[in-house]
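Notes to accompany the following structure.
Just the heavy atoms: all of them, side chains too, but no hydrogens, waters or symmetry mates, feed the values below. Every chain is numbered from 1 and lettered A, B, ... according to where its sequence line falls, protein lines coming before strand lines. Remember, predicted model here, so these are calculated numbers, not experimental data.
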Amino acid sequence: MGGIWMNSKKVLAEHIAFELGVSSSEVLDLIEVPKHDNLGDLAFPCFTLAQKLKQSPEEIAKNLTEKVQHPLFEKVEAKGPFFNVFLNKKMVSQEVLKTVLGEGNNYGSSQEGIGQNVVLDFSSPNIAKPFSMGHLRSTVIGQSLANIVEKMGYQSVKINYLGDHGTQFGKLIYAYLLWGDEEKVKANPIKELLHLYVRFHEEAEDDSSLDDEGRAWFKKLEDGDSEAVKLWKWFREESLKEFSKIYDLLGVEFDSYNGEAFYNDKMTKAIDLLKENGLLTTSEGAEVVDLSDYELPPSLIQKQDGATLYATRDLTAAIHRQEAYEFDQAIYVVGHEQSLHFNQLFIVLEKMGYQWAKHMHHVPFGFILKNGKKMSTRKGEVVLLEVVIQEAIELAKQNIDEKSPYLEDKDEVAKMVGVGAIIFHDLKNERLNNIEFSLGEMLRFEGNTGPYIQYTYARACSIIRKAERAIGSNVAGLDDPYSWPIVKQLESFPNVIYISFREYEPSVIAKYLIDLAQSFNKYYGQVKILEADEMIDYRLALVKAVSIVIKEGLRLLGIQAPEKM
RNA sequence: GUCCCAGUAGCUCAGCAGGAUAGAGCAACAGCCUUCUAAGCUGUGGGUCGCAGGUUCGAAUCCUGCCUGGGACGCCA
């Protein structure tokens with residue numbers, strides 16, 4: 001990672017090191033960014049070297065101000081024990097703006113992952129159930145991580161590991177046979193199937209024979225009973241149709257829809273491998289992999305009755321994916337309640353001798369709560385995502401009608417803004433935080449929201465349109481106090497992307513965009529950008545650079561940026 | 001009982017491989033649209049950073065204990 005900033009840091013470190021007679025790498029590690037803008041751009045705290053040099057930190061800082069000089073440094077000053085440096089705004093901003101405008105959309109891209117594959121397992125809704133808010137989280141986080149990973153040069157493989165297998169399908173099939181109506185299901189598949197599912201659980205509370213029948217139908221399904229399979233296929237197909245509506249709205253596409261059922265006939269191979277490695281032991285009638293040497297509970301592979309479990313399935317899937325994609329990294333975007341499961345899974349794979357298991361990561365996220373508690377599908381306490389999205393789009397439309405009645409493509413823009421609000425709301429906070437479900441919060445368009453960022457972008461685009469001149473051919477530096485924070489933020493974009501990649505944390509980018517938009521809106525409010533003076537080209541270069549970075553940042557989050565709104 | 005995660009402004013959250021005056025947004029109040037999109041900007045009020053110890057020149061940030069909330073802990077996924 002180069003850039004003028006790093007360069008300035010190095011120059012500063014070398015100067016300080018020379019004056020103090022210590023190594024420059026030692027100094028470089030200590031240089032930091034001051035907490036407040038009025039304290040400068042780079043700071044060197046003198047505490048640590050005080051003992052070594054037998055001088056007080058204050059003295060060291062003061063001495064440095066007399067000695068350190070360089071064209072890159074506009075001003076240096078001692079503030080107590082800190083040696084603070086103000087960078088040459090013109091030089092730095094010119095360099096940064098040239099870089100951003102020169103690289104365009106590629107600004108912040110990296111070659112780090114070139115030639116390597118990353119498999120991302122995300123979204124993974126359950127067939128015949130509504131697309132829940134929890135699945136929304138997995139979907140938008142996964143999609144964003146895929147974008148980020150690609151920005152880092154990797155090839156992404158997006159897998160939707162559909163929940164299309166399990167006892168619940170036996171129950172659902174039986175419920176359908178008892179009370180189902182083909183026409184109703186065709187007209188409104190998810191809603192109707194959920195209705196059957198909820199009814200089944202209600203009635204099963206009084207009549208336990210229903211559970212037995214459900215299990216029996218699941219067994220039939222596994223054994224390939226034609227009626228069971230036919231119904232299962234139908235449910236799956238109708239569900240996928242419904243899901244694809246949501247994926248279209250969110251702009252998400254997958255490379256594979258291989259769900260749990262896909263691995264049904266592949267599990268014996270995995271079990272045989274476990275046996276060959278001598279990893280399976282019998283415990284209370286079940287086959288398990290003992291993990292006590294890792295201080296973890298055993299991983300259950302086969303039930304007493306010989307049936308397989310999700311660990312078996314995930315194991316099989318991991319091996320299959322490694323064979324199919326030869327991934328260099330695998331990411332599972334799954335709720336944090338499954339942390340133990342993934343810990344176990346990765347360790348079992350390692351015990352099987354797979355070195356690649358070290359490059360598998362569970363990326364957990366918090367719940368979406370209702371009244372402080374997890375929402376339950378069984379009780380029918382679901383908020384339908386599609387309804388929420390439609391509502392957001394509708395609200396965006398109202399805003400447009402009110403604020404820009406002459407806008408072309410109103411519906412298209414309303415969609416971008418409504419969907420943007422929903423996605424941004426989900427991505428702006430740390431993944432692991434639980435979120436209390438609040439429609440009001442999701443539909444907010446002011447303050448720290450997606451539409452606020454989009455609005456900032458639209459403002460920038462509007463200025464660029466009105467300028468009616470080529471931008472980028474004439475770029476010198478800016479040195480006013482309002483553009484400076486923007487320049488510094490633009491400079492940090494590549495590093496922000498890198499951190500979000502390292503932490504698998506899209507919120508890092510979301511927060512960055514809020515900060516950038518805030519600085520830009522302050523600038524916009526204070527500086528007349530289109531004033532026809534000798535600096536206009538430089539200001540326009542700044543506006544253009546901001547628009548490039550906001551658009552690209554939003555793209556990494558999976559959000560579109562309208563040029564007018 | 002064991003393990004994991006969280007506790008910062010009235011609310012939602014930043015800040016946490018230690019650093020200088022703990023920051024945004026929402027809500028409240030007061031301003032700013034004959035000039036680049038007011039989905040914006042400016043200002044005011046609002047804090048024992050869960051509690052108690054410890055490490056350090058320095059702790060919201062690291063360590064220990066406790067309290068509170070959430071989650072996981074073998075035949076669900």
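- Look at the P atom in both B/U61 and B/G53: the space between them is 14 Å, to the nearest Å.
- A salt bridge between A/E59 and A/K62 is absent, with no side-chain N of the basic residue lying under 4.0 Å from a carboxylate O of the acidic one.
- With sequence neighbours excluded, no residue forms a ring pair (Phe, Tyr, Trp, His ring centres under 6.0 Å) with A/F365.
- When heavy atoms are screened at a 4.0 angstrom cut-off, A/E58 is found touching no nucleic acid atom at all.
- Between B/G25 and B/U42, the two P atoms lie 8 Å apart (nearest whole Å).
- Within the shown strands, B/C51 is the pairing partner of B/G65 under the Watson-Crick or G-U definition, both distances less than 3.5 Å.
- What separates NZ of A/K511 from C1' of B/C13 is a distance of 8 Å, to the nearest Å.
- Look at the P atom in both B/C4 and B/U21: the space between them is 35 Å, to the nearest Å.
- Between A/N433 and B/A14 there is a side-chain polar atom (N or O) within less than 4.0 angstrom of OP1 or OP2.
- With both ends at atom C1', the span from B/A28 to B/C3 equals 44 Å, rounded to whole Å.
- A/T139 places a side-chain N or O within 3.5 Å of a backbone atom of A/H135 that can act as its donor or acceptor partner.
- Taking the O4'-C1'-N9-C4 or O4'-C1'-N1-C2 dihedral as appropriate, B/A17 has a value within 90° of 0 and is therefore syn.
- Spacing between atom CD of A/E287 and atom C1' of B/G74 amounts to 13 Å, rounded to whole angstrom units.
- A straight line from CG of A/L340 to C1' of B/C5 spans 14 Å, rounded to a whole angstrom.
- Rounded to whole Å, atom C1' of B/U12 lies 16 Å from atom CG of A/L439.
- To the nearest angstrom, P of B/C4 lies 18 Å from CZ of A/F346.
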Give me, pair by pair, the N or O atoms of the protein and of nucleotides 75-77 of chain B that are less than 3.5 Å apart, along with how far apart they are.
from, atom 1, to, atom 2, distance (Å)
B/C75, O2, A/Q304, N, 2.9
B/C75, N4, A/E284, O, 2.6
B/C75, N4, A/Q304, NE2, 3.1
B/C76, OP2, A/K303, NZ, 2.7
B/A77, OP2, A/Y310, N, 3.3
B/A77, O3', A/E260, OE1, 3.1
B/A77, O3', A/E260, OE2, 2.7
B/A77, N7, A/Y310, OH, 3.4
B/A77, N6, A/Y310, OH, 2.4
B/A77, N3, A/Q338, NE2, 3.4

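- For the side-chain hydrogen bond (donor to acceptor under 3.5 Å, both in side chains) condition, the pairs that include at least one residue of residues 462-471 of chain A, sequence neighbours left out, are A/R469-A/D537.
- Counting only residues at least two apart or in different chains, ring pair (Phe, Tyr, Trp, His ring centres under 6.0 Å) contacts with residues 520-541 of chain A are absent.
- Nucleic acid contact for A/V527: base, since at least one base atom lies under 4.0 Å from a heavy atom of the residue.
- Atom P of nucleotide B/C13 and atom CE of A/M442 are separated by 13 Å, given to the nearest angstrom.
- Taking the salt bridge (charged side-chain N to carboxylate O under 4.0 Å, His left out) definition, one finds that A/E408 meets it with A/K564, sequence neighbours left out.
- Judged by the 6.0 Å distance and 45° axis criteria, A/K171 is not positioned over the aromatic ring of A/F200.
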Between protein and nucleic acid, restricted to nucleotides 17-21 of chain B and to nitrogen or oxygen atoms under 3.5 Å apart, what atom pairs and distances do you find?
from, atom 1, to, atom 2, distance (Å)
B/A20, OP1, A/K35, NZ, 3.4
B/A20, OP2, A/K35, NZ, 2.7
B/A20, N6, A/N84, OD1, 3.4
B/A20, N1, A/N84, OD1, 3.1
B/A20, N1, A/N84, ND2, 3.1

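- Using a distance-only test at 3.5 Å, with no hydrogens or angles considered, a donor-acceptor pair links the side chain of A/K428 to the main chain of A/N448.
- Base pairing of B/C11: its partner is B/G25, meeting the Watson-Crick or G-U wobble criterion (both donor-acceptor distances under 3.5 Å).
- In this structure, B/C73 forms a base pair with B/G1, meeting either the Watson-Crick or the G-U wobble geometry with both donor-acceptor distances under 3.5 Å.
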Only distances under 3.5 Å count here; give the side-chain donor-acceptor pairs of residues 295-307 of chain A to other protein atoms, sequence neighbours excluded, each with its distance to 0.1 Å.
from, atom 1, to, atom 2, distance (Å)
A/Q302, NE2, A/G306, O, 3.2
A/Q304, NE2, A/E284, O, 2.9
A/D305, OD1, A/A307, N, 2.9

Polar atom pairs between nucleotides 38-43 of chain B and protein, under 3.5 Å, N or O only, would you list them?
from, atom 1, to, atom 2, distance (Å)
B/A38, OP2, A/R459, NH2, 2.4
B/A39, OP2, A/K403, NZ, 3.1
B/A39, O4', A/K403, NZ, 3.2
B/G40, OP1, A/G447, N, 3.0
B/G40, O2', A/R459, NH1, 2.7
B/G40, O2', A/R459, NH2, 3.4
B/C41, OP1, A/Y452, OH, 2.8

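- A search for ring pair (Phe, Tyr, Trp, His ring centres under 6.0 Å) contacts involving A/H320 returns A/F262, A/Y263, not counting sequence neighbours.
- Each of A/P298 and A/I463 was assigned the nucleotide of RNA chain B with the nearest heavy atom; the assignment lying further toward the 5' end belongs to A/I463.
- For residues 416-425 of chain A, no residue pair satisfies the salt bridge (charged side-chain N to carboxylate O under 4.0 Å, His left out) rule, not counting sequence neighbours.
- An anti base is found at B/C26: its glycosidic angle is more than 90° from 0.
- To the nearest angstrom, C1' of B/G25 lies 12 Å from NE2 of A/H425.
- Evaluation of the salt bridge (charged side-chain N to carboxylate O under 4.0 Å, His left out) rule for A/E391 yields no partner, not counting sequence neighbours.
- B/C32 is paired with B/G40 under the Watson-Crick or G-U wobble criterion, all donor-acceptor distances under 3.5 Å.
- With rounding to whole Å, A/Q344 atom CD is found 16 Å from B/C3 atom P.
- By the salt bridge (charged side-chain N to carboxylate O under 4.0 Å, His left out) test, A/K410 is found to be paired with A/D401, residues two or more places apart in sequence or in another chain being considered.
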